[in-house]
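Down below is the structure, laid out as structure tokens.
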Amino acid sequence: MKFAVDLLTAGRYLWRKLPPNRAIFTQRKHGFQNAGQQSLSFRRFSTSNRHFGSEKVAILFDLFKDNQGTVPVDVFLQDLQSTGFKKSDPRFKKMIDNLHSLSRELGETSIDRLTLNEEQFEKVIKDSVIIISQALQNSDIVIPDFPEFCKYVENFYFKCKANTSGKPAEYIPQLAKVNPEYWGVSLCTVDGQRFSIGDTKVPFTIQSTGKPINYAIALSELGSEVVHKYVGQEPSGRMFNELVLDQYNKPHNPMVNAGAIVICSLLINLIEPNLAVSEKFEWVCNYYKRMSGSEYLGFNNATFLSEKEAADRNYAIAYYLKEYKCFPKNAVLKDTMDFYFQLCSLEVNCETVSSIAATLANGGICPLTNNQVITSSSVRDVLSLMHSCGMYDFSGQFAFNVGLPTKSGVSGSLMVVIPNVMGICCWSPNLDMYGNSVRGVQFCEELVSVFNFHQYDNLRHSPHKTDPRKRKATAKASEMSSVLFAATNGDIKEIRRFYLSGMNMNRKDYDGRTVLHIAASEGHLNVVCFLVNVCKVDKTIKDRWNNTALDNALQFGHQDVVDFLSSN
Ligand code: GLN
């Protein structure tokens, strides 16, 4: 039933956007002109004995068909994308493939030019019905008003773009020569809604932003107990590349170089130890791919070679670790170091990192494929350490001001996780004195100054901040359809509840019809009495066809209601 009601809401929304000659207009108009028919249309959704999947297809077809009785694919895809879902989303792959083969079959040059009859429509969307319904219902998605949210993001983006302070890392030529003007922000919600602005397709090397990812893989494969025999959970309070161990002679945490190098040795030696290092590299890349839903992943060999060249400090750390027996048995120092440099040199773009961050925000399930890639307990551990140790020596201040688990890298990227909501990647090469992207940090500060995303923002009472997870217009609309539904069914208990919750009982629907109109049309005398005597509703309100509730009661022959309304 919820689906039916939501689709009615979606229908209304669509109706407003479609030209009045659309079939859906006629359908709706009739439905509401005659309250009896309105309840029929509810019944149609709920009691049909058609298979539920094909019923959904039929409803979707009705929603989108034009006055020729076919669905224009361009309109359909545009509406789908307006909620933040991309055509390239792997969950739509089958549908898009179906559209391509149909357009080839019909000799059409582009899928956007297709118009589908009901049979073709069903064939095309049948494998993607669930995700399409979710996208169009949009009341169930985490950021319901996605375009509005993106407007804010765009605004933050341009504010930060004006900030040209800081400078790129200089320790290797590949980072020193990058254009410092690059600036991109991508986000991906836990439902797979996506938005990108700026240089989000330009590749960069992941560097330390990959440390939590490598840690996540190790945790997911080996479990926390094994991993933390080798590496601690404390912020070091020292530089990320400092030659220092904790009181147990272990690296402080997996986010500093010492810890990350040890994680590399665990990946090589404790998980499928029979794999050659080359195979292990592919194996890890495959994890990255699955976490990102197959977004761009490459390898920058020049960076890898430079990293190896400029690695005195990292080698010093590695020998120090070796001296203190921090590596598992059989670890080969050179292999471990090469692996560490290779993983720093993986090439990604903002879209890759934002979708990996979304997988972390979503308990380890990639929102674009629905595959559980990382165990949820591992994700919790990763986020905890990103929160306390992810931003070098600025981690404490960042946790205080921004309050979001984030990891930065020397190439200027920031992987930001808003647990249960979304993942974000900011990338801009200019770094501050701590080695964090200047614009990236500013973006996070802007974000939490408007939205209540700080870990310790109160979700119920933060009067100066906005909660984009909340439904605004949608909430009102669905409240309205619920009360109208209750009136249709004569559900006095529900009506009472709405009245008690402070709802304005004179509120009109799109056709100017009130709860009283519906109750009178359906002949529910008890509801009519309650509305008039207790709620003191206005009986004189006319709908768009110029009818009062009394007119409706007369029209549908409910004499008891007519008597009551004319004498009270
Ligand atoms: N390749 C760099 C290093 O090991 C990574 C450091 C970073 O991104 N902060 O020193």
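We count ligands from 1, going down the list as the structure has it; atoms in each ligand are counted the same way. Residue indices begin at 1 and follow the sequence shown.
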message = Taking CG in Asn420 as the centre, count heavy atoms belonging to other residues, nucleotides or ligands within less than 6.0 Å. Is the count above 12?
response = no
So which bit of [X] gets within less than 4.0 Å of ligand 1, heavy atoms only: side chain, backbone, both or neither?
{"X": "Ser208", "value": "both"}
{"X": "Tyr340", "value": "side chain"}
{"X": "Asn257", "value": "side chain"}
{"X": "Arg313", "value": "neither"}
{"X": "Asn314", "value": "side chain"}

ask   = Looking at Ser196 and Ser186, what are the two nearest heavy atoms and their distance?
value = OG-OG, 2.7 Å
remark   = Nearest heavy-atom approach of Thr189 to Ala358 is O-CB, 4.1 Å
query = For ligand 1, is there an atom lying under 4.0 Å from some heavy atom of Tyr392?
reply = yes
contact_flag Gly435 ligand 1 heavy-atom lt 4.0 Å = no
Should you measure from each heavy atom of [X], which atoms of ligand 1 turn up under 4.0 Å away?
{"X": "Tyr171", "result": "1 (N), 2 (C)"}
{"X": "Gly409", "result": "8 (O)"}
{"X": "Glu307", "result": "1 (N), 2 (C)"}

ask   = Side-chain donor-acceptor pair under 3.5 Å between Ser378 and Asp381, yes or no?
value = no
ask   = Does a donor on one side chain sit under 3.5 Å from an acceptor on the other, for Asn257 and Lys211?
value = yes
query = Just distances here: any N/O of Phe240 and N/O of ligand 1 closer than 3.5 Å?
reply = no
ask   = What residue and heavy atom of the protein are closest to atom 1 (N) of ligand 1, and at what distance?
value = Gln207 OE1, 2.7 Å
task = For the pair Phe299 and Phe281, evaluate ring-ring contact (aromatic ring centres under 6.0 Å, His included) and give the outcome as yes or no after the intermediate values.
result = CA-CA 11 Å; Phe299 177 71; Phe281 177 74; 5.6 Å; yes
Pair Phe204 and Tyr182, ring centroids less than 6.0 Å apart = no
query = ring-ring contact (aromatic ring centres under 6.0 Å, His included) between Phe149 and Phe195: does it pass, once the steps are laid out?
reply = CA-CA 10 Å; Phe149 179 75; Phe195 178 71; 8.5 Å; no
